[in-house]
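Scroll down for the structure; my scribbles are underneath it.
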Amino acid sequence: MREQRAIRILSYNVHSCIGTDRKIDPARIAAVIADAKPDIVALQEIDVRRRKTGGVDQAAIIASLLKMEAHFHPALAIAEEQYGDAIITALPAHPVKTGPLPSFGEARGAISVEVMFANRNLLVVNTHLGLRRRDRAQQMSTLLSPAWLRREDSDPTSAILCGDFNAVPSSAAYRLANRLLQDAQLVCNQRPRPTFPSRFPLMRIDHIFVSADLRVVASKVVRNRITSLASDHLPLVADIDISNT
């Protein structure tokens, strides 16, 4: 059972809602999320009005099924077709910043939303870093800057940085994040688990990082029959105590 003042966040690369069985099913993704009972959902590889996935707004569909509100940022847009990242929650929330990240390869971006929970403001930043090592290091350096991890008044704030980093713990991008933030899988005395590929997970490339003032109560990678089918990544969940210290 969660502590009373703990908030649950789920980070999930949903692969355009295309499962390992090749079935396109936003409702299945929503069911996976609902079963985890998160307060905040950070999704990567979300399609909006893309022909290859039926021309629907996947972020809106998933949010509607969860009875939550979606905040979406397209990292890539061609005419009406969009592809990017979303933060979904039923908590009081407002977007703070969206934008591109430096990239020599495929376009990448990030979205941040400020969420109110237990009379605390929490900044949540969701991203999907590139496939090239140099891109990832530059993108992470950008995300760790005050432009992303502070509010407009420049005061330090409680923050969560999560997403598909495409970066294992030995990588430069991961090490940059780990210098300033806490890896949720490492700070709660539980064995870290890989998230990719979903059927036979070998690589820990999806991460949830939190600022030093936050305490991670628990963390897990959700692996079962449905999550092995719903996407090529497994969802990562963390329970975070945001009580005043």
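The residues of the chain are indexed from 1 along the displayed sequence.
Taking hydrophobic clusters as Ile, Leu, Val, Met, Phe, Trp and Tyr residues chained together by side-chain heavy-atom distances below 4.5 Å, Val56 does not share a cluster with Met68. Clustering ILVMFWY residues whenever any of their side-chain heavy atoms sit less than 4.5 angstrom apart, transitively, puts Val216 in the very cluster that holds Ile9. Cluster annotation: Leu161 and Ile205 are assigned to distinct hydrophobic clusters (Ile/Leu/Val/Met/Phe/Trp/Tyr, side-chain heavy-atom contacts under 4.5 Å, transitive). When the side chains of ILVMFWY residues are joined at heavy-atom separations under 4.5 Å, either directly or via intervening members, Val237 and Ile33 end up in a single hydrophobic cluster. In this structure, Val32 is a member of the same hydrophobic cluster as Leu10, with clusters built from ILVMFWY side-chain heavy atoms closer than 4.5 Å.
Centroid-to-centroid, the aromatic rings of Phe72 and Tyr83 stay 6.0 Å apart or farther. With ring centers used as reference points, His233 lies 6.0 Å or more from Tyr12.
Interatomic distance, CD of Gln58 versus CD of Glu45, reported as 10.5 Å (0.5 Å rounding). Remark: Ile62 CD1 to Ile29 CD1 distance equals 6.0 Å, nearest 0.5 Å. In this structure, Leu122 CG and Ile40 CD1 are separated by 5.5 Å, a value rounded to the nearest 0.5 Å. Summarising the geometry, atom CG belonging to Leu101 is positioned 5.0 Å from atom CG belonging to Leu143; distances are rounded to the nearest 0.5 Å. With values rounded to the nearest 0.5 angstrom, Asp39 atom CG is found 5.0 Å from Ile7 atom CD1. In this structure, CG in Asn121 is found 9.5 Å from CG in Leu123, a value given to the nearest 0.5 Å.
Two residues are said to be in side-chain contact when any heavy atoms from C-beta on lie closer than 4.5 Å; Arg28 and Leu229 meet this criterion. Considering only heavy atoms from C-beta on, Pro194 stays 4.5 Å or farther from Val221 through its side chain.
With hydrogens and angles ignored, the 3.5 Å screen pairs no side-chain donor or acceptor of Arg215 with any backbone N or O of Ile240. Thr89 contributes no side-chain N or O that, together with a main-chain N or O of Val41, makes up a donor-acceptor pair within less than 3.5 Å. At least one donor-acceptor pair closer than 3.5 Å links the side chain of Ser141 to the backbone N or O of Ala137. Side chain of Gln185 to backbone of Arg193: a donor-acceptor contact under 3.5 angstrom is found. Proximity of a side-chain donor or acceptor of Gln139 to a complementary backbone N or O of Pro102 within less than 3.5 Å is detected. Side chain of Glu69 to backbone of Ala63: no donor-acceptor contact under 3.5 angstrom is found. Judged by distance alone, with hydrogens and angles left aside, the side-chain atoms of Ser171 form a donor-acceptor pair with the main-chain N or O of Val168 at under 3.5 Å. With Thr195 contributing its side chain and Leu234 its backbone, the two residues share no donor-acceptor pair below 3.5 Å. Looking at Gln190, its side chain never comes within 3.5 Å of a backbone N or O of Lys220 through a donor-acceptor pair. With hydrogens and angles ignored, the 3.5 Å screen pairs a side-chain donor or acceptor of Ser112 with a backbone N or O of Lys97.
The two residues Asn166 and Leu129 come nearest to each other via the heavy atoms ND2-O, 2.8 Å. Nearest heavy-atom pair, Asn13 versus His15, reported as atom, atom and distance to 0.1 Å: OD1-N, 3.0 Å. Of all heavy-atom pairs between Arg223 and Phe200, the closest is NH2-CA, 4.3 Å. The two residues Val217 and Cys188 make their nearest non-hydrogen contact at O-CB, 4.0 Å. Looking at every heavy atom in both residues, Thr20 comes nearest to Ser198 through CG2-OG, 3.6 Å. Scanning both residues, Ser211 and Ser158, for their nearest heavy atoms gives OG-CA, 3.6 Å.
Between the side chains of Ser11 and Gln44, at least one donor-acceptor pair of N or O atoms lies under 3.5 Å. Neither side chain, Gln82 nor Asp47, offers a donor N or O lying under 3.5 Å from an acceptor on the other. Residues Ser228 and Arg199 have side chains that never bring a donor and an acceptor to within less than 3.5 angstrom of each other. A donor-acceptor contact closer than 3.5 angstrom links the side chains of Asp135 and Ser103. Under the 3.5 Å distance criterion, with hydrogens and angles disregarded, no donor-acceptor pair is assigned to the side chains of His73 and Asp85.
With salt bridges taken as basic N to acidic carboxylate O contacts below 4.0 Å, one links Asp213 and Arg120. Here Arg50 does not pair with Asp57 in a salt bridge; the nearest charged N to carboxylate O distance is not below 4.0 Å. Ion pair Arg8/Asp239 flagged as a salt bridge, since at least one NZ, NE, NH1 or NH2 atom sits closer than 4.0 Å to an Asp/Glu carboxylate oxygen. For the pair Asp183 and Arg204, the salt-bridge criterion is met [side-chain N within less than 4.0 Å of a carboxylate O]. Of the charged side-chain nitrogens involved, at least one lies within less than 4.0 Å of a carboxylate oxygen, so that Asp25 and Lys23 count as a salt-bridged pair.
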Stepwise side chain to side chain contact (heavy atoms under 4.5 Å, CB included) test for Ile242 and Arg5: CA-CA 6 Å; Ile242 67 166; Arg5 294 178 65 84; 5.6 Å; no

Full working for side chain to side chain contact (heavy atoms under 4.5 Å, CB included) between Leu202 and Phe196: CA-CA 6 Å; Leu202 298 171; Phe196 179 85; over 6 Å; no

Working for side chain to side chain contact (heavy atoms under 4.5 Å, CB included), residues Leu131 and Arg108: CA-CA 10 Å; Leu131 297 175; Arg108 301 288 175 166; 3.8 Å; yes

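Checking Arg49, Lys52, Arg51 one by one against Glu81, the salt bridge (charged side-chain N to carboxylate O under 4.0 Å, His left out) holds for a single residue, Arg51. Each of Ile88, Val113, Ile87, Ile160 was compared with Asn126 under the side-chain contact (heavy atoms from CB on, under 4.5 Å) criterion, and only Ile87 meets it. Only one option out of Val125, Asn178, Leu214, Leu144 pairs with Phe209 in a side-chain contact (heavy atoms from CB on, under 4.5 Å); it is Asn178.
Taking the ring centre of Phe165 as origin, the terminal cationic atom of Arg136 falls outside the region bounded by 6.0 Å and 45° from the ring axis.
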